[in-house]
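Structure, as structure tokens:
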Amino acid sequence: MMNDFLLVLPELILTVSGLILMMIAAWAGDRAAPALTWAAILTLATAAAFLPGLASPGGSAFHNLFAADPFAAYTKVIVYLAAIVSLFAAMSWFGRDRDYRAEYPVLVLFAVVGMGMMVSASDLLTLYVGLELQSLAAYVLAAFQRTDSRSSEAGLKYFVLGALASGILLYGISLLYGFTGTTGFDGIAAALGNDGVSTAELFGLVFVLAGLAFKISAVPFHMWTPDVYEGAPTPVTAFFASAPKVAAMALLVRVAVEAMGPAAGEWRQIVIFTALASTILGGVAAIGQKNIKRLLAYSSINNIGFALVGLAAATPEGAAAVMFYMTVYVVMTLGAFLVVLRMRDANDQPVETIASLSGLSRTRPMLAMAMAIFMFSLAGIPPLFGFWPKFLVFQAAVAADLTWLAAVSIATSVISAFYYIMIVKMMYFDEPAPAFAETREPVGAGLILASALFVSPLGYLAIPALSAATLAAAWSLF
Amino acid sequence: MDGFPILSAILALPLLGAVACLVSSAAAARWIALVTTLATLALCIGLWATYQIGGPQWQFVEDAALFGNAFRWALGIDGIALLLIVLTAFLMPICIAASWEAIDRRVPEYMALFLFMEVLMLGTFMAQDIFLFYIFFEAGLIPMYLIIGIWGGANRIYAAYKFFLYTLLGSVLMLIAMLWMVNYAESTSIPVLLNTDFPPQAQTLLWLAFFASFAVKMPMWPFHTWLPDAHVQAPTAGSVILAGVLLKLGGYGFVRFSLPMFPEASAQLVWVVFGLSMAAVVLTSLIALVQQDMKKLIAYSSVAHMAFVTAGIFTFNRQGIEGGLVVMLSHGLVSGALFLCVGVVYDRLHSRDIDKYGGLSNNMPAYALFFMVFTMAAVALPGTSGFVGEFLALVGAYEANSWLAAVLTTGIILGAAYMLLLYWRIAFGTARTEEAAKLPDLTRREWAMMAPIAAVVLWMGVYPESFLAPMRQDVAVLLERVARAAPEGDAHVTAGAPAPAAHEGEAH
């Protein structure tokens, strides 16, 4: 029992300090918000230091409800880092408008606890509880600017559609439970492996995948993404695009491999369809966008599609490629959002139109260069590091005899390259729009610089370390 | 030189220069770029001087496992790569000089992008790891997109998009083919892959995937439509680099990958290459004949000349392949020089319309002289570099297929027609506009750009052995590799029975 608690130590740390911070927030009020944010960042760093499965072999806790394996540990490191970065971003962004409030870091902490549960779930019920904890915190975060009707709309939309997806997921869980007699991943895998996949089990599998596809915003369950990304305050969008995406993707990989591994032939078709649909729609629909946040929403749909190509391979290399993909994706996306956070007009009001980026290379050359690096990297053009995860997922697909899938999806990447280079064209070829307001924010600038360096060709030097970590993580699932 | 990673040093030098340019003023950036490119050229000449002709196939080899098991930092060159590297390094300082005054805004960025471009092009020729090759090959899109888009002409944005997306679409499928090959051969090393026999039924698809990429890059008719747009809109130095080096990547790819890695597929699909080459020579020459825009004319002539390269490479015989390679080198010099000639008058009159000029030999004698040398080289006059390459390619083509040789020869006649017409309309007669009659002759900077190219063009035309010698052994290796699949030519060359020479005594 004691050992079980050691395995969930990071979650315990986060939960307890989340509760304490909530109490402080209630009494000290919004004045304490920056201090609370620093405390939350410190908590996340502490929790990361106690992650089981990182240095130790880890294990499984509470009668196989909770897996603390290298896969979970790797994902949690990414999630914690993404949460830390988005907390920094939120603190300075809201702080500038003087409407930063003390519950923000608390909500982020709870969302992170939920994500930790998700990626460690080895039982459908743990999965569901984690997912809901994360989602509930996220609904509130989306509506965080109460006075802004767009933000409230985003929160409501996210909640209604999210609730629907939870319903679908729960229905799938109940079907799987009904026909396999268990909610444990290993039990389900055993049941599916023993006597083949029955029609009812297939239904359950489809519903579970549909519910999870909503969380990673894969086509055809992506409709909420552009609206929520556009309406939510920008730091919240940055958070949504990073940590929860990684967690949901990791969860999907774990469910697909651990629980539904024997049914790989069945779910592979679904994954291939959503992958291709996401890469195509994420490419085509982004072309006409006028709002940079909507554009980045479609960009995330597009990138999720590519990551799913790695999952379709259903091999350890494929799963490792997915995790590698999500790691680099998070850095590129957070970097791009950190640039978007600096888009403010002369009156210090945030602007979100793509046109306002025009001629940025003349008014703010360094910022434009960073954004150009992120855009080319998201498009997957070598020598930027964004090329490498795409390379890995295609490699995994080719190794799994899915050469046609790799060929088709790489061809669709040309569609998405169009709108990424359109942003570069705006910044470099067009006449300057009014300059953005000055920002004095060394932490933000440092984070942009760090992410730009990571996705620059220097990132390739990280390949040995990252491949070793992702492969170790992926092997713990198989 | 043993042990010193000279290839990495050649790559590092322009890279450092690029970073230095970014953080300096316009005037300083120009000098940094010039000094860096000249130093790189000096290193590359050193490379040529120390290259052992007839030595090991791969020289100056470096190999470091910087990136784990995924791929390696493996560099090394053979004679073919060596000459293309020297060509690149030779054209670069000239490009910088050509941009000295023509580029007056955002100079540090411009110079940095050019130096970055140089790194990528040199890296492409040096890479000995197939994925390292792909990264260098593909990365060239970014600087070229920015160069066309920022410093280009009126319609630059369309041209930049078209260039980027067209060439990207061409090359993505090649990556999948590479992944398949590496998966099959379990090695990313190009020398290993060169000696791997891929199953013939897979070769066809692999060949087509590589063909999609190289045919667009080359460009072959009908995949050439991005080239006139890109050339016309790019700044002068951009056109020089595009015509001089970037187009050579396609030909290099055919020689390095398509032919030796997929000999059976190459033999099987040789009709595609021949057919497209024949169509290209005739059609694009005819198109060039009716152009009003000088740059467009030279761009179409590039497509026609590249058809000699593709036809020569796929003849499967020594003359053809060596001819194709020499045409690549020669065209790199000549078309680059022709774009410089256009740039010289464009800088003065800001027009590329042929009808705005005329009679330039009266007021610009030195310019007219250089322009004539390069025109004659483009027409393949004996004594210039163009003759050597096209003659060899035609000999090779005749051995492989008489029809091919016949049609390609028509191309030479058409080429003479459009080039002489261009020269006549620009340099002879009387000036058609008052401005053209007042144009001043070459400055010393322009002399310094033109004279070295003219010298090398004549050198290559008079003593081609300097350029053929380093490649000879590598072409032999290539021929040995493809011999098993070489299609039979229709020339049926047979050695005659040696008859004793008639003796004077018998006459009595």
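Proteins come first, then strands; the chains are lettered A, B, ... in the order of their sequence lines, and each starts at number 1.
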Of the backbone (N, CA, C, O) and the side chain (C-beta and beyond), which part of A:Ile415 lies under 4.5 Å from a heavy atom of chain B, both, or neither?
neither
If I measure from the heavy atoms of chain A, does B:Ala177 come under 4.5 Å with its side chain, its backbone, both, or neither?
neither
Engaged part of A:Phe376 at the chain B interface, taking heavy atoms whose separation is under 4.5 Å
side chain
Between A:Phe387 and B:Phe131 (judged by ring centroids, cut-off 6.0 Å), do the two rings come close enough to count as a pair?
no
Does any heavy atom of chain A fall under 4.5 Å from the side chain of B:Leu165, the backbone, both, or neither of them?
both
Using non-hydrogen atoms only, which part of A:Met369 is less than 4.5 Å away from chain B: side chain, backbone, both, or neither?
side chain
Verify the distance criterion only: is there a donor paired with an acceptor across the side chains of B:Thr124 and B:Tyr252 at less than 3.5 Å?
no
Which atoms of B:Phe116 approach chain A - backbone, side chain, both or neither, heavy atom under 4.5 Å
side chain
Any chance the side chains of A:Thr470 and A:Tyr74 put a donor and an acceptor closer than 3.5 Å?
no
Do B:Lys162 and B:Asp229 sit within salt-bridge range, that is, some charged N less than 4.0 Å from a carboxylate O?
yes
If I measure from the heavy atoms of chain A, does B:Phe164 come under 4.5 Å with its side chain, its backbone, both, or neither?
side chain
Using non-hydrogen atoms only, which part of A:Ser467 is less than 4.5 Å away from chain B: side chain, backbone, both, or neither?
neither
Is the NZ or CZ atom of B:Lys217 positioned over B:Phe137's six-membered ring, under 6.0 angstrom from the centre and within 45° of the axis?
yes
Contact leader toward chain B among A:Asp430, A:Leu461, A:Leu392, where contacts are heavy-atom pairs under 4.5 Å:
A:Leu461
